[in-house]
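Predicted model, so just to flag it, every value in this text is computed and none were measured. Every chain is numbered from 1, with letters handed out A, B, ... down the list of sequences.
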Amino acid sequence: MLLHLSDDFNLEKIKDSGQCFRWEKTDDHTYRIVHENSCLYISDLGNDQYDLDCTETEFYSVWENYFDLHENYQNIRKKINPETDSFLWTASESQKGIRILRQNPWEMLITFIISQNRNIPAIQKSVKLLSETYGTPAQDSRGLKYFIFPSPEAIALSDEESLNQCRLGYRAKYVRSAAEAVYSQKIDLDSLYQKKEQEVIKELTKLYGIGPKVANCISLFGLHHTDAFPKDVWINRILEKKYPDGYPFSQYSPYNGIFQQYLFAYYRSHPDA
DNA sequence: AGGCAGGCTTTTA
DNA sequence: TAAAAGCCTGCC
């Protein structure tokens, strides 16, 4: 189906923002995206037009929500004042087009445990290996195979040797432990959607291998708590250099997480800014 | 109690 | 060789 969008939407910027690790560029304008049980080819045709190889029914039941299209990002960016916060304004102008995807919380839990102390290509590699080892195969609209992200059960019951072959390193024990916690219902991820941010972080950091940074990533990217603010090495450098007198979190609530993405993506592409 | 150094698997640049 | 969307453990 053909889709016209007037709000911020840039596939390349979303892909490069480091929130999704199962996007694959298939040609200059097209990405193949795996989300839960579905797989989508989406092409940027220019002039705010997009071609999606799905039915309207599937678009409205799956992808409209996945891309967070009910939210107006242009409007959110109006909270940024170029006079009082020139750095965030520059970052947002440069990186507008990023959206916070509504991804699966269980997948984000595992993905961001894997992310610690690694760069993005290495994260993609492990997520791919996990999916190919423990996920269910399916066929996309072009007849090509893709893998649905593994269930908690599949990882919780996996044998140690094959899990180690997913190149998780010392994180393998964290991944297994998290899978066991979800599989045994020691933690109920869906219940976290309604809870307050502070409570969510508290629950998540109880899990082995999940500290404040990863918990905030799961909250932002898996539960769509747009006020969550992951502080990684890059963000800490920004806060030190650009906001020595403090960052105005309360002013930007409840969109701290969205603005964090602009800062993160901008600083990574302009490390000397 | 709370803070901090050291270690950790593997990949990437 | 160092750094990478960090966290755990042990020591003070």
Side-chain angles (χ1 to χ4, degrees), chain A residues 12-23 88 91 95 98-101 103-133 155 158-181 187 197 200-243 247 256-273:
Chain A
E12 190 174 6
K13 284 191 162 43
I14 294 171
K15 153 81 173 165
D16 291 343
S17 70
Q19 57 175 306
C20 49
F21 301 90
R22 303 198 72 202
W23 284 36
L88 177 58
Q95 300 301 321
I98 292 178
R99 309 178 73 83
I100 307 294
L101 302 171
Q103 303 186 81
N104 177 279
W106 151 248
E107 181 175 334
M108 293 303 101
L109 173 72
I110 297 303
T111 300
F112 282 96
I113 287 175
I114 292 171
S115 77
Q116 60 183 265
N117 215 18
R118 302 183 79 184
N119 48 34
I120 289 172
I123 301 166
Q124 285 172 339
K125 186 171 186 175
S126 281
V127 172
K128 186 167 192 279
L129 282 168
L130 267 184
S131 302
E132 290 172 357
T133 309
I155 295 181
S158 66
D159 68 275
E160 198 164 326
E161 194 180 335
S162 70
L163 191 60
N164 286 337
Q165 290 191 347
C166 296
R167 326 313 290 164
L168 303 173
Y170 66 90
R171 306 165 197 78
K173 55 186 182 289
Y174 304 156
V175 169
R176 177 185 301 286
S177 171
E180 283 169 352
I187 183 166
E197 182 57 16
V200 170
I201 302 301
K202 192 174 143 196
E203 288 285 315
L204 288 172
T205 50
K206 277 184 197 162
L207 299 179
Y208 185 45
I210 297 189
K213 157 51 172 75
V214 170
N216 274 278
C217 283
I218 298 165
S219 181
L220 178 58
F221 302 125
L223 300 163
H224 207 78
H225 289 181
T226 57
D227 219 20
F229 192 88
K231 287 182 187 169
D232 68 321
V233 288
W234 299 88
I235 290 293
N236 283 329
R237 281 173 206 158
I238 294 171
L239 295 183
E240 268 178 47
K241 272 196 188 177
K242 303 293 178 184
Y243 300 92
Y247 184 83
N256 280 299
I258 294 172
F259 295 165
Q260 188 268 13
Q261 283 301 93
Y262 295 140
L263 294 172
F264 175 77
Y266 177 69
Y267 198 64
R268 269 173 51 92
S269 52
H270 304 79
D272 303 317

* To do: Could you say whether A:Ile210 or A:Phe264 is positioned toward the 5' end of DNA chain C, judged by the nucleotide with the nearest heavy atom to each?
  => A:Phe264
* Residue A:Asp232, side-chain heavy atoms: nucleotide from B:dC8, C:dA5, B:dT12 that is nearest -> C:dA5
* To do: Nearest whole angstrom, please: distance from the P of C:dC7 to the CD1 of A:Ile201.
  => 11 Å
* Please state the P separation for the pair B:dT11 and C:dC8 - nearest whole angstrom. => 23 Å
* Asked: Quick one: A:Arg118 CZ to B:dC8 P, roughly how many Å, whole number?
  -> 17 Å
* **Nearest-angstrom distance from the residue atom NZ of A:Lys173 to P of B:dC8** => 10 Å
* When the distance from CD1 of A:Ile113 to P of C:dC7 is rounded to whole Å, what number comes out? -> 10 Å
* Pick base, sugar-phosphate or nothing for A:Ser177, based on heavy-atom distances below 4.0 Å to the nucleic acid. => nothing
* Would one find a side-chain N or O of A:Arg268 under 4.0 angstrom from OP1 or OP2 of C:dA3? -> no
* What is the distance from atom NE2 of A:His224 to atom CD of A:Gln103, rounded to the nearest 0.5 Å? -> 11.0 Å
* Asked: Paired with B:dT11: which nucleotide, if any, by Watson-Crick or G-U wobble criteria at under 3.5 Å for both distances?
  -> C:dA3
* Asked: Start at the 5' end of DNA chain C and walk down; is the nucleotide closest to A:Tyr208 or to A:Gln260 reached first?
  -> A:Gln260
* Asked: Would a distance-only check, ignoring hydrogens and angles, find a side-chain to backbone donor-acceptor pair under 3.5 Å from A:Ser17 to A:Ile98?
  -> no
* Asked: Between atom CD1 in A:Ile123 and atom P in C:dA3, what is the gap in whole Å?
  -> 18 Å
* Provide, to the nearest angstrom, the distance between the CZ atom belonging to A:Arg171 and the C1' atom belonging to C:dG6. => 9 Å
* Round to a whole Å and report the spacing from CG of A:Asn236 to P of C:dA3. => 16 Å
* Asked: Checking all strands, does A:Gly209 fall into the base, sugar-phosphate, or nothing category for heavy-atom contacts under 4.0 angstrom?
  -> sugar-phosphate
* To do: Using the C1' atoms only, state how far C:dA2 lies from B:dG7, rounded to an integer number of Å.
  => 16 Å
* Structure fact -> Of B:dC8, B:dA13, C:dC7, the nucleotide closest to the side chain of A:Pro121 is B:dA13
* Asked: If only side-chain N and O atoms of A:Arg167 are considered, is one of them under 4.0 Å from the OP1 or OP2 phosphate oxygen of B:dT11?
  -> yes
* To do: Might you confirm whether atom NZ of A:Lys231 has over 12 heavy atoms from other residues, nucleotides or ligands at distances under 6.0 Å?
  => no
* Ignoring the backbone of A:Lys125, work out which of B:dT9, C:dA5, B:dT12 is nearest its side chain. => B:dT12
* Donor-acceptor pair, side chain of A:Ser126 and main chain of A:Ile123, under 3.5 angstrom -> no
* How many Å lie between CG on A:Leu204 and P on C:dC7, as a whole number? -> 11 Å
* Rounded P spacing from B:dG6 to C:dA3 in Å -> 16 Å
* **A:Gln116 side-chain proximity, nearest of C:dC7, B:dT9, B:dT12** => C:dC7
* **Out of C:dG6, C:dC8, B:dT11, whichever nucleotide has its closest atom nearest the side chain of A:Tyr174** => C:dC8
* To do: Check whether the side chains of A:Ser219 and A:Glu197 place a donor and an acceptor atom closer than 3.5 Å, and report yes or no.
  => yes
* **Heavy-atom donor-acceptor pair, A:Arg171 side chain to A:Gln116 backbone, under 3.5 Å** => yes
* Using a heavy-atom cut-off of under 4.0 Å over every strand shown, decide if A:Phe221 touches base, sugar-phosphate, or nothing. => base
* **Pairing partner of B:dG6 (Watson-Crick or G-U wobble, both distances under 3.5 Å)** => C:dC8
